[in-house]
Amino acid sequence: MNTQPMHHRQASAAQKLATPDFAQVRLTKREMECLTLLSRGYRNSRISERLGIAMPTVELHILNARKKFGAKTREQLMARAIFHGIITL
């Protein structure tokens, strides 16, 4: 018998559904490039210079990668990408 209140069980089920299957995550070439440079400690402005793209475009690529990994922050994105072997240090 489950002793958790119904709203906790529903939240747990919703969290499971919201968690991406990392084996199925596919990053674009630019998302991967931004993630790689981010893992080296580059800020958005430096990534922009390095890749020759506008800073809002860098921000968009990082945001899209965050969404694909279900990450709320850049730090969480990096942690998940490293943990799942997408990025190596």
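Quick caveat: nothing in here was measured; it's all calculated off a predicted structure. Note that these values count all heavy atoms, side chains included, but never hydrogens, waters or copies made by symmetry.
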Non-neighbouring partners of Thr73 that pass side chain to side chain contact (heavy atoms under 4.5 Å, CB included), sequence neighbours left out
Glu75, Gln76
Pairwise salt bridge (charged side-chain N to carboxylate O under 4.0 Å, His left out) hits with a residue in residues 28-45, at least two apart:
Arg30-Glu33, Glu31-Lys68
With heavy-atom distances below 4.5 Å as the criterion, would you say the side chains of Ile86 and Val25 are in contact?
no
Please evaluate residues Leu38 and Ile62 with respect to the criterion side chain to side chain contact (heavy atoms under 4.5 Å, CB included), reporting the C-alpha separation (whole Å), side-chain torsions for both, the decisive distance (0.1 Å), and the verdict.
CA-CA 9 Å; Leu38 195 61; Ile62 292 171; 4.3 Å; yes
Rounded distance (nearest 0.5 Å) linking atom CG of Leu35 with atom CG of Asn64
12.0 Å
In a table with atom names and distances, give each donor-acceptor pair under 3.5 Å that connects a side chain of residues 46-61 to protein atoms at least two apart or in another chain.
| from | atom 1 | to | atom 2 | distance (Å) |
| --- | --- | --- | --- | --- |
| Ser48 | OG | Ile53 | O | 2.4 |
| Ser48 | OG | Met55 | N | 3.4 |
| Arg50 | NH1 | Tyr42 | OH | 2.7 |

Minimum heavy-atom distance between Arg66 and Lys72, given as atom pair plus value:
NH2-O, 2.7 Å
